[in-house]
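To keep things clear, I will list the structure first and then write my remarks on it.
These values consider heavy atoms only, across backbone and side chains, with no hydrogens, waters or symmetry-generated copies.
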Amino acid sequence: MTEGPSAFSGPVVERFGGADLRSGEPFTIFYGPGVSDVFVDSAYQVCTLEQVLWRRLRAAGYERIVFSSTDHPLYFRDAASRDLSRSAPARKQLPAPGPRTMRTPGMRGPMGNLRVTGAPRPGPATEAAAGPRRDTAGPPRPASALSDPFAVMTLVDCLKQRDIRTAVVVPHAENYLRYNRASRPLAGAMANWSAQHDNGNLWVLVFSMTTLEDVARFVETCHDYPLLETYVRQQARQPGRPGTARIDYPQAAETERLIHAVRLRTGLRIEDWRELDTMVRAMATHPRKARNWMATLEQLAGSPGSALSAAAVREAGAAVAPADARGPWERLAAMSGLDVVRDHFEQLRAEVETMAVLRADGRAEHAEPPSLHLVFTGNPGTGKTTVARLAGELYRDLGLLERGHVVEAKMRDLVAGYVGQTAGLTDATIDDALDGVLFIDEAYGLSDQSDGFGDEAIQTLLTRMENDRARLVVIVAGYPDKMAEFLAANPGLASRFAEDNILRFPDYPPDTLHTIALRRLTERGGRPSDETTDRLREIITGMHHVRGDSFGNARDMRTLADSVFKRWARRVRGRVAEPVTPEDVPASYREFLRRPAPDPTELLAELDAYVGLEAVREVLTNLAGRLRLRQARGQDGFAPPHLLFTGPPGTGKTTVARLAGAMFRDLGLLRKGHVVEAGRATLVGAYLGHTARQTRQAVQDAMDGVLFIDEAYSLVSDARHGGFGQEAVDTLVQEMENRRGRLVVIAAGYPREIDAFLAANSGLPSRFTTRVEFPHYGIDDLVEILRRMAASERCTLAPGVPERAAAWLEAARRLSPAEFGNARTVRGLLELMEARMAARYDPADAGQAVPTEFLPEDVPDPPSR
């Protein structure tokens with residue numbers, strides 16, 4: 001095969017497609033995992049890096065291509081380049097082929113009359129007359145007589161010549177820079193060349209490092225090439241700039257050619273040709289060199305009875321779905337509850353197809369490609385990671401990405417623990433994701449690091465998203481609220497992620513969750529009975545009803561199924577024919593089963609210890625009756641109502657509120673039934689925005705229980721003076737609606753003040769549907785409360801005490817009605833009586849019994865003022 005010096009239209013290698021050999025930069029640097037690989041060109045020839053570089057340089061118009069390494073300070077891959085390194089007169093005086101000599105007077109440049117020993121083996125330039133060969137250029141013979149100083153001088157002289165278009169290639173730059181015995185002249189030559197490289201010649205350095213940052217660090221450790229270090233660091237800060245090119249792992253087209261090249265040469269058998277595309281995609285997605293795949297394929301070819309199959313590719317480390325031959329679009333269509341996600345990718349497919357037709361018609365040639373970066377928001381277990389893994393295949397299928405592999409990055413892959421290292425770490429992770437998808441779950445961790453280096457990672461990410469937009473798709477994921485904060489943390493983030501590319505992954509509905517749990521259980525070998533299936537449906541419905549931000553959706557269903565399986569396995573041991581029964585469901589999950597509505601008598605038993613409260617009894621009795629009726633109809637329960645407790649102090653509002661949570665729990669209307677007591681200090685913050693956060697936190701603390709707000713009017717008492725209480729009320733209204741069925745809010749206070757509280761927000765009256773009046777206790781009730789309080793102290797009331805106590809309480813109420821505290825006032829009276837009892841007790845009198853009965857004289861005279 002002939003490859004001319006000025007034009008090249010022959011076989012190509014896609015991995016070099018981004019290499020610009022006419023960038024105008026002083027150096028062209030190749031790096032990446034592919035530089036030590038072999039390459040399969042479009043003519044199915046297996047080539048080395050030097051061969052591919054030689055071809056591309058010839059195609060770019062370089063007449064003389066000079067190679068240099070530690071072992072071979074100066075060598076050529078073609079006779080034309082060698083001959084152009086001699087002066088014209090010398091070429092005429094060269095002796096006929098014969099024994100090699102060390103002397104020739106015609107060598108141009110500082111080498112004087114030294115001749116490079118060893119002519120190259122036949123290569124592309126010397127084989128023009130002989131016809132094509134499979135191996136286009138063999139390895140050079142060493143120039144052992146040439147020292148490093150002379151080699152450097154020769155290379156520099158070649159680069160300075162303007163009449164011959166020259167490229168100097170250093171294939172193993174690490175060894176060349178580290179062990180060169182002319183490091184000072186070499187460093188000076190690089191500095192001079194950087195300042196005077198306007199003659200069209202090229203200096204190529206090939207590093208085996210994975211990233212440019214690694215290259216920069218290596219050059220720094222050499223301590224001899226400051227200009228080169230500066231150049232590489234500048235290139236690293238602006239990835240994608242001309243002058244550098246990363247050589248990556250083989251893509252699908254090259255991988256398929258490798259399979260056929262080995263097959264034609266060795267007789268490799270393919271087990272099922274229908275699986276070839278799937279195997280090629282898996283091999284191209286897996287980060288593995290072509291030389292390693294070639295060794296695997298040759299080993300298969302040499303093993304009797306072996307063949308290339310999906311199982312063999314999987315054993316080699318590539319991810320091939322073992323039982324799912326469907327394409328990515330079919331797998332996406334089969335995922336439940338992701339209509340919004342499917343619509344997005346279908347819209348993208350339509351856009352790509354439309355743009356292809358327009359370009360074929362000569363229209364929209366300069367149109368911007370569609371935005372591909374995505375934001376996935378949703379709770380855990382909603383399919384974000386699964387879709388991210390599919391996205392790479394979908395983009396590859398649409399021709400938007402070459403490889404379509406997915407790199408899943410954690411914080412440790414992006415953020416370092418000390419200054420100056422985060423950018424390099426992030427760049428390295430992005431380099432691994434080039435031509436594919438970088439998936440960052442819980443991405444808000446980058447912006448949450450107030451004292452860390454997350455912002456440096458974000459800035460690096462933004463730069464690479466812009467510079468590598470044709471080769472990189474970034475998908476960030478996390479909780480909805482936190483992802484909104486993440487996007488707001490840096491103005492550049494919002495501009496990189498289009499509004500239409502923010503996709504919400506909803507929680508799965510109970511029916512889907514039930515299907516997931518049953519599938520997991522049956523996949524493990526358990527066979528649930530019909531009753532167990534019904535119980536699991538009821539449990540999952542309950543779990544869904546009380547789900548919070550940490551609800552794991554499919555993940556929690558797998559945990560449930562595994563817990564049931566473990567109990568079943570322990571119960572049946574080897575008797576696997578026995579079905580899974582309800583007793584195999586752990587007790588912690590059985591709490592989600594519906595409870596029968598309690599008998600009102602049992603429900604109100606705790607209230608029997610308290611006087612009065614007829615209105616409260618009526619409300620709870622009605623709730624129990626409604627629940628029993630709905631259960632009899634086979635219906636689910638209902639959302640418990642929010643309550644208003646109105647009445648003067650000491651009438652039992654706080655006491656009943658503390659009992660209400662347990663009563664609602666016993667009714668099955670609340671999951672936990674705990675009570676969180678909150679006042680103005682709990683809900684109202686010190687500055688704008690602080691109040692909403694505090695109120696939401698109080699609501700979160702009370703979830704599945706009761707939030708009790710005593711003296712609720714205090715929240716809006718400062719509304720006329722610009723206070724923040726109104727913000728608390730507005731936030732509370734919103735949360736009451738959002739948390740309906742999982743939260744009971746009880747607001748308490750005087751009747752008139754409660755009315756003012758309701759007027760603070762038009763949504764409050766419709767939220768508080770049940771009002772319970774706590775009137776003043778009658779005198780007889782107050783005396784009964786006194787008797788019960790005394791009994792709780794192991795004391796009794798002697799005859800005459802109730803009458804004197806009634807007179808005292810009547811006088812206290814008449815004297816100051818507004819300050820009369822009902823049960824609180826009774827508690828105060830009891831304390832006065834106990835003090836008088838203590839005064840008539842003499843501890844020194846051994847014969848006197850400790851008094852436990854209140855006498856009439858222990859009751860003080862009725863207050864007169």
Asn553 side chain vs Pro380 backbone, donor-acceptor pair below 3.5 Å: yes
Leu372 backbone acceptor or donor facing Tyr395 side chain under 3.5 Å: yes
Steps toward salt bridge (charged side-chain N to carboxylate O under 4.0 Å, His left out) verdict (Arg217, Glu220): CA-CA 5 Å; Arg217 281 197 292 267; Glu220 180 183 11; over 6 Å; no
Distance-minimising heavy-atom pair for Glu254 and Val38: OE2-O, 4.0 Å
Side-chain heavy atoms of Tyr249 within contact of Asn292, under 4.5 Å: no
Neighbour count above 12 (heavy atom, 6.0 Å) for Arg269 CZ: yes
Atom of Ala290, atom of Leu258 and distance for their closest heavy-atom approach: O-CD2, 3.5 Å
N-O pairing of Glu50 and Arg77 below 4.0 Å: yes
Sub-4.5 Å side-chain heavy-atom contact between Val232 and Ile29: yes
Taking every non-hydrogen atom, the tightest pair across Leu74 and Val66: CD1-CG1, 3.2 Å
Heavy-atom neighbours of Glu346 CD exceed 12 at 6.0 Å: yes
Short side-chain to backbone donor-acceptor contact, Ser68 and Pro73, under 3.5 Å: yes
Ser69 side chain to His172 backbone, donor-acceptor under 3.5 Å: no
Option from Thr210, Leu53, Val206 for which side-chain contact (heavy atoms from CB on, under 4.5 Å) with Val35 holds: Val206
Met279 vs Ile259 side-chain heavy atoms within contact, under 4.5 Å: no
With Arg274 via salt bridge (charged side-chain N to carboxylate O under 4.0 Å, His left out) - residues at least two apart: Asp272
Audit row: Arg181, Ser147, side chain to side chain contact (heavy atoms under 4.5 Å, CB included) steps and yes/no: CA-CA 8 Å; Arg181 294 187 177 90; Ser147 67; over 6 Å; no
Salt bridge (charged side-chain N to carboxylate O under 4.0 Å, His left out) partner of Arg403, chosen from Asp435, Asp432, Asp248: Asp248
Which residues share a ring pair (Phe, Tyr, Trp, His ring centres under 6.0 Å) with Tyr231, sequence neighbours left out: Phe27
From CA spacing to verdict: salt bridge (charged side-chain N to carboxylate O under 4.0 Å, His left out), Arg464, Asp427: CA-CA 8 Å; Arg464 296 298 298 274; Asp427 272 329; 2.8 Å; yes
Thr266 (side chain) donor-acceptor with Glu298 (main chain) under 3.5 angstrom: no
Which atom of Val474 lies closest to which atom of His373, heavy atoms considered: N-ND1, 2.9 Å
Sidechain N-carboxylate O distance under 4.0 Å for Glu402, Arg396: no
Glu63 side chain near Thr166 side chain, heavy-atom distance below 4.5 Å: no
Contact summary for Thr426 and Leu414, nearest pair of heavy atoms: OG1-O, 2.7 Å
Derivation and outcome, side chain to side chain contact (heavy atoms under 4.5 Å, CB included), residues Leu205 and Tyr176: CA-CA 10 Å; Leu205 298 169; Tyr176 189 81; 5.5 Å; no
Atom CZ of Arg527 with >12 non-hydrogen neighbours under 6.0 angstrom: no
Ionic contact status for Glu213 with Arg233, cut-off 4.0 Å: yes
Any side-chain heavy-atom pair of Ile475 and Leu438 under 4.5 Å: no
Gln51-Thr48 side chain donor-acceptor pair, cut-off 3.5 Å: yes
NZ/NE/NH1/NH2 to OD/OE distance under 4.0 Å, Asp441 and Lys410: no
Spacing of CD belonging to Glu271 relative to OG belonging to Ser306, to within rounding of 0.5 Å: 10.0 Å
Face-on cation placement of Arg288 at Trp293 ring, 6.0 Å and 45° thresholds: yes
CD-OG1 distance between Glu275 and Thr278, expressed to the nearest 0.5 angstrom: 6.5 Å
4.5 Å side-chain heavy-atom contact, Ser183 and Tyr225: yes
Check: Arg246 side chain, Asp431 main-chain N or O, donor-acceptor pair, under 3.5 Å: yes
Criterion ring-ring contact (aromatic ring centres under 6.0 Å, His included) on Phe207 and Tyr31, from CA distance to verdict: CA-CA 5 Å; Phe207 291 88; Tyr31 66 98; 8.9 Å; no
Pairwise distance OG(Ser309) to CG(Leu300) - rounded to 0.5 angstrom: 7.5 Å
Arg520 bridged to Glu523 by N-O distance under 4.0 Å: no
Parallel, tilted or perpendicular: ring planes of Phe16 versus Phe30, cut at 30 and 60 degrees: tilted
Value rounded to 0.5 Å, distance of OG1 in Thr296 from CE in Met294: 10.5 Å
Heavy-atom check, side chain of Phe67 versus side chain of His72, under 4.5 Å: no
Any donor-acceptor N or O pair under 3.5 Å, side chains Arg64, Ser81: no
Side chain to side chain contact (heavy atoms under 4.5 Å, CB included) evaluation trace for Ile247 with Asp37: CA-CA 9 Å; Ile247 309 302; Asp37 203 2; over 6 Å; no
Test side-chain hydrogen bond (donor to acceptor under 3.5 Å, both in side chains) applied to Arg342 - qualifying residues, sequence neighbours left out: Asp339
Audit row: Ile430, Val407, side chain to side chain contact (heavy atoms under 4.5 Å, CB included) steps and yes/no: CA-CA 8 Å; Ile430 293 173; Val407 173; over 6 Å; no
Donor-acceptor under 3.5 Å (Arg519 side chain, Ile516 main chain): no
Over all atoms of both residues, closest heavy-atom pair of Arg55 and Pro11: NH1-CB, 4.1 Å
4.5 Å side-chain heavy-atom contact, Thr285 and Val406: no
Arg389 with Glu408: basic N within carboxylate O range, under 4.0 Å: yes
Face-on cation placement of Arg524 at Phe565 ring, 6.0 Å and 45° thresholds: yes
Check: Leu348 main-chain N/O paired with Glu353 side-chain donor or acceptor under 3.5 Å: no
Ion pair Asp41/Arg257, N-O distance below 4.0 Å: no
